[in-house]
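Comments concern the structure below.
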Amino acid sequence: MGHRGRRKIWRSSCRATLCLTGAFGLYIATLAYPQPAFAFRLHYQQFDVWSDRPIDDHISVVLDDATRRLRTSVLYTSEQRFHVFFCNTRWRLQLHGVFHPDVGGIVIGPLTSNIYLRESDIPHDRIIPPYAGPIADAKVRPLAYYIAHEATHVMQGRAFGRFFAVTYPTWLNEGYADLVGKGGDFDLRDNLARFQAHDPLMDVARSRLYRRYHLEVAWMLEQEAVPLDTLYARPPSEDLLMAKLRAARLP
């Protein structure tokens, strides 16, 4: 191949690289600043809410409940703001959820503190699942739960660094978000018994619930009285923690 041919290939390669870099940069910008793609917006208390459909007035009740849940966290302050985006179409959730169209909600921690939620029935305080039938644990996981859960991830990023999701163990990050999201609606004794009995609901991979993670965090915070910042500073091995829970007895 001659010199001219090599230069032509090199130029084509450079153009392709520039196009890919530009496309990636545009996608990151879309994740970080999606507001122009959402036609409807409202401001309520600490929340700025955007949606691709009109926002039902009942959202104030849902957000009040989400705030009640957030106030159970030591990470919460009334000065914090939360940006919530309702993605009511599958393609929009795929786009903003980094190709996770089945999630209830998601925060892309290292890139943005935006909270993206799937299609929701705001008047009935629930998300609409991607499958037929009710969602698992629907009673303790209304729409307010999902907002509070994802807002807790935002607070974790602000307290423990934007890369907290890869710096700290999943059981701790998700267990604490589940704890705050449920706002105290969690029976420690019942869930400990379920864990010790190998209840499928406590198997995160099978149930896709965070009950076991919640149990592990609740045990450390409530039974062993470990402060949250200490727990994050020195998180125990999950294997050792589960061994402790298998042998645990509550009075």
Linking I/L/V/M/F/W/Y whenever their side-chain heavy atoms sit closer than 4.5 Å, directly or via other members, would Tyr146 and Ile59 fall into one cluster? yes
Could you tell me whether the side chain of Arg69 reaches within less than 4.5 Å of the side chain of His149, counting heavy atoms only? no
Sub-3.5 Å donor-acceptor pair from the side chain of Thr152 to the main-chain atoms of Ala148, do we have one? yes
For the student: nearest non-hydrogen atoms of Leu188 and Ala218, plus distance: CD1-CB, 4.0 Å
What I'd like to find out is whether the side chain of Phe85 reaches to under 4.5 Å of the side chain of Leu117, using heavy atoms alone. no
Polar side chain donor-acceptor pair, Asp125 to Tyr145, under 3.5 angstrom: no
Are a donor atom and an acceptor atom from the side chains of Tyr44 and Asp64 found within less than 3.5 Å of each other? yes
State whether Asp185 and Lys182 are salt-bridged, where the test is any N-O pair (Lys NZ or Arg NE/NH1/NH2 against Asp/Glu carboxylate O) under 4.0 Å. no
All heavy atoms of Leu221 vs all of Pro227, minimum pair found to be CD2-C, 4.2 Å
Between Glu119 and Ile127, does the side chain to side chain contact (heavy atoms under 4.5 Å, CB included) criterion hold? Intermediate values first, please. CA-CA 6 Å; Glu119 182 181 10; Ile127 66 165; over 6 Å; no
Could you tell me if the side chain of Trp50 sits less than 4.5 Å from the side chain of His83, heavy atoms only? yes
Leu245 versus Glu216: any side-chain heavy-atom pair under 4.5 Å? yes
Under 30°, 30 to 60°, or over 60°: which ring-plane class applies to His214 and Phe186, parallel, tilted or perpendicular? parallel
I'd like to check Arg211 versus Phe195 (side-chain heavy atoms, cut-off strictly below 4.5 Å). Are they in contact? no
Does NE2 belonging to His58 count more than 12 external heavy atoms closer than 6.0 Å? yes
Is there a path of hydrophobic side-chain contacts, each under 4.5 Å between heavy atoms of I/L/V/M/F/W/Y residues, joining Leu241 to Tyr232? yes
Any non-hydrogen side-chain atom of Arg41 less than 4.5 Å from a side-chain atom of Val49? no
Report yes or no: does Gln46 contribute a side-chain atom to a donor-acceptor pair with the main-chain N or O of Gln80 at less than 3.5 Å? yes
Salt bridge or not for Asp203 and Arg212, using N-O below 4.0 Å? no
Heavy atoms only: give me the nearest Phe47-Ala66 pair and the separation to one decimal. CZ-CB, 4.4 Å
Under a plain distance cut-off of 3.5 Å, with no hydrogens placed, do Trp219 and Glu224 share a side-chain donor-acceptor pair? yes
According to a hydrophobic-cluster definition based on side-chain heavy atoms being under 4.5 Å apart (Ile, Leu, Val, Met, Phe, Trp, Tyr only), do Leu215 and Leu250 belong together? yes
Distance (rounded to the nearest 0.5 Å) between Gln156 CD and Asn173 CG: 5.0 Å
Quick one: sort the Phe160 and Tyr168 rings into parallel, tilted or perpendicular, breaks at 30° and 60°. perpendicular
Taking atom types as modelled, find out whether Tyr176 and Ser73 have a side-chain donor-acceptor pair closer than 3.5 angstrom. yes
Taking the six-membered ring of Phe82, is the NZ or CZ of Arg158 close enough (under 6.0 Å from the centre) and on axis enough (within 45°)? yes
d(Leu143 CG, Arg141 CZ) to nearest 0.5 Å is 12.5 Å
Is the positively charged end of Arg92 above the ring of Phe38, judged by distance under 6.0 angstrom from the centroid and angle within 45° of the axis? yes
May I ask you to check whether over 12 heavy atoms, not counting those of His43, lie within 6.0 Å of atom NE2? yes
Counting only heavy atoms not in Asp187, do more than 12 fall under 6.0 Å of its CG? yes
Without swapping roles, check the side chain of Arg189 against the backbone of Pro251 for a donor-acceptor pair under 3.5 Å. yes
According to a 4.5 Å side-chain heavy-atom criterion applied to Ile, Leu, Val, Met, Phe, Trp and Tyr, with indirect links allowed, do Val103 and Ile108 form part of one hydrophobic cluster? yes
To the nearest 0.5 Å, what is the distance between CD1 on Ile135 and CZ on Arg208? 11.5 Å
How far apart are the closest heavy atoms of Ala144 and Asp65, and which atoms are they? CB-OD2, 3.3 Å
Quick one: does Glu238's side chain have a donor or acceptor within less than 3.5 Å of a partner on Pro169's backbone? no
State, with a plain yes or no, whether a side-chain heavy atom of Gln196 is found less than 4.5 Å away from one of Met202. no
At what distance, to the nearest 0.5 angstrom, does CE of Met220 lie from CG of Leu228? 11.0 Å
What pair of heavy atoms forms the shortest contact from Arg90 to Asp102, and how long is it? NH1-OD1, 3.5 Å
Hey, is OH on Tyr210 packed in by over 12 heavy atoms from elsewhere, all under 6.0 Å? no
Using 0.5 Å steps for rounding, measure from the CG atom of Leu209 to the CG atom of Asp137. 5.0 Å
Would you name the heavy atoms of Thr167 and Phe163 that are closest together and state the gap between them? OG1-O, 2.8 Å
Working note: Asp52 + Thr89, criterion side chain to side chain contact (heavy atoms under 4.5 Å, CB included); need CA distance, chi angles, decisive distance, verdict. CA-CA 8 Å; Asp52 50 356; Thr89 54; 3.8 Å; yes
Can you find a heavy atom in the side chain of Tyr213 that is under 4.5 Å from one in the side chain of Val204? yes
Just by distance, no angles: are the side chains of Ser237 and Asp239 close enough, under 3.5 Å, to form a donor-acceptor pair? no
Can you hop from Met155 to Leu172 via hydrophobic side chains spaced under 4.5 Å? yes
Output for pair (Thr112 OG1, Arg162 CZ), nearest 0.5 Å, gives 8.5 Å
Quick check on Arg81: does its CZ atom have over 12 non-hydrogen neighbours (other residues, nucleotides or ligands) under 6.0 Å away? yes
Do you see a donor-acceptor pair shorter than 3.5 Å between the side chains of Asn88 and Ser120? no
